[in-house]
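Computed from a predicted structure; not experimentally measured.
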Amino acid sequence: MFARIFTKEEADALLPELRRVLSQMRQARKELSEVQARLPEPRGLERRALEEEARFLLGSLEADARYLASLGVFLKDLDQGLVDFPARIGGEVVFLCWREGEPEVAHYHPLSGGFAQRRPLKEGASGLPLFPSRPGERRPGA
């Protein structure tokens, strides 16, 4: 189903990199918006230069999105910095849910849910152990 299943510790370890990439993406999106706002004005070479800059910035955003996907995470909302990590709690596959500004991954929600359905991660809260391993489960990067 997912290329990678995370533990809380693995998700927490990615947070510095996620913060960096999210900041980079927001900056590129801001610059792209500024370039696009100037596009209707110029003609000729100046317009071509702006179009090229817009293509570069869009490519940068797409590359960052592919990079996040290659890490095995799901960017849900760039503005809020919402990122989901596939995980397993008690045999159920869920998403660990992190919002930029939070010091660690401390919530999860069902695969079919979203931010509104997130619940705190508390070992034993549901009576099930957090992140049990399955024999033979492939966990790249673990």
Side-chain angles (χ1 to χ4, degrees), residues 1-123 125-126 128-142:
M1 178 180 235
F2 296 106
R4 181 171 182 183
I5 299 292
F6 288 85
T7 65
K8 178 190 178 334
E9 293 75 20
E10 291 168 338
D12 283 341
L14 274 181
L15 296 184
E17 179 67 357
L18 293 177
R19 288 181 187 105
R20 183 192 70 76
V21 173
L22 294 176
S23 174
Q24 183 174 291
M25 290 179 79
R26 281 194 206 97
Q27 183 62 34
R29 187 180 61 184
K30 178 182 176 234
E31 291 175 20
L32 178 61
S33 181
E34 291 167 358
V35 167
Q36 289 173 328
R38 294 189 340 237
L39 267 174
E41 300 165 9
R43 300 214 185 304
L45 291 177
E46 187 179 352
R47 180 174 180 86
R48 285 187 200 158
L50 286 172
E51 289 171 345
E52 185 61 32
E53 187 175 353
R55 277 192 292 277
F56 171 80
L57 291 166
L58 186 57
S60 174
L61 282 167
E62 291 169 349
D64 284 339
R66 283 191 305 272
Y67 173 64
L68 292 177
S70 78
L71 294 175
V73 302
F74 295 86
L75 176 60
K76 296 299 184 157
D77 186 314
L78 180 57
D79 291 326
Q80 294 185 57
L82 289 179
V83 179
D84 284 347
F85 305 78
R88 187 179 311 282
I89 297 181
E92 179 185 359
V93 177
V94 298
F95 282 127
L96 297 180
C97 180
W98 174 74
R99 178 170 48 183
E100 196 170 20
E102 296 174 340
E104 65 180 347
V105 176
H107 297 86
Y108 75 98
H109 61 77
L111 295 181
S112 61
F115 187 81
Q117 288 81 35
R118 70 186 218 151
R119 300 173 223 154
L121 277 175
K122 291 182 183 171
E123 192 164 357
S126 65
L128 299 171
L130 239 68
F131 313 112
S133 60
R134 285 185 167 179
E137 179 174 42
R138 182 174 174 265
R139 295 177 10 113

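- Taking every heavy atom of both residues into account, Leu78 and Arg29 meet most closely at CD2-NH1, 3.6 Å.
- A distance-only check finds no donor-acceptor pair linking the side chain of Glu46 to the backbone of Arg43 [under 3.5 Å].
- Closest of all the heavy-atom pairs between Gly101 and Trp98 is N-CZ2, 4.3 Å.
- Here the closest heavy-atom approach between residue Leu71 and residue Arg4 is recorded as O-NH1, 3.7 Å.
- Using a distance-only test at 3.5 Å, with no hydrogens or angles considered, no donor-acceptor pair links the side chain of Arg19 to the main chain of Glu100.
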| request: Go through the steps for Asp84 and Arg118 under the test salt bridge (Lys or Arg N to Asp or Glu O under 4.0 Å), then give the verdict. | output: CA-CA 11 Å; Asp84 284 347; Arg118 70 186 218 151; over 6 Å; no

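- Expressed to the nearest 0.5 Å, how far CG of Leu68 lies from CG of Leu18 amounts to 6.5 Å.
- Taken to the nearest 0.5 Å, the CD atom of Glu102 stands 7.0 Å off from the SG atom of Cys97.
- Atoms NE2 and CZ, from His109 and Arg119 in turn, are 10.0 Å apart once rounded to the nearest 0.5 Å.
- Among residue pairs with one or both ends in residues 58-72, none qualify as salt bridge (charged side-chain N to carboxylate O under 4.0 Å, His left out); sequence neighbours excluded.
- Smallest separation of non-hydrogen atoms from Ala87 and Leu96: CB-CG, 3.5 Å.
- Residue Gly72 comes nearest to Phe6 through the heavy atom pair O-CE1, 3.4 Å, listed as atom of the first residue, atom of the second, then distance.
- Inter-residue side-chain proximity for His107 and Arg99 is flagged as unmet; no heavy-atom pair is nearer than 4.5 Å.
- For the atom pair CD of Glu53 and CG of Leu58, the computed distance is 12.5 Å after rounding to the nearest 0.5 Å.
- Panel note: side chain Glu10, backbone Thr7; a donor-acceptor pair is recorded below 3.5 Å.
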Considering only distance and modelled atom types, tabulate donor-acceptor pairs under 3.5 Å from the side chains of residues 30-40, sequence neighbours left out.
{"unit_1": "Glu31", "atom_1": "OE2", "unit_2": "Gln27", "atom_2": "NE2", "d": "2.8"}

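- More than 12 heavy atoms of other residues, nucleotides or ligands lie within 6.0 Å of CZ in Phe115, so this atom counts as buried by the packing criterion.
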| From CA spacing to verdict: side-chain contact (heavy atoms from CB on, under 4.5 Å), Val83, Leu15 | CA-CA 10 Å; Val83 179; Leu15 296 184; over 6 Å; no

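- Leu82 contributes atom CG, which lies 12.5 Å from atom CZ of Phe95 (distance to the nearest 0.5 angstrom).
- Between Leu45 and Arg48, the closest side-chain pair of non-hydrogen atoms falls below 4.5 Å.
- Atom-to-atom distance recorded for Gln24:CD and Tyr67:OH is 9.5 Å, nearest 0.5 angstrom.
- Considering every non-hydrogen atom in both Val105 and Ala11, the closest pair reads CG2-CB, 3.8 Å.
- Salt-bridge formation is detected for the pair Glu51/Arg47: a Lys NZ or Arg NE/NH1/NH2 atom is positioned less than 4.0 Å from an Asp or Glu carboxylate oxygen.
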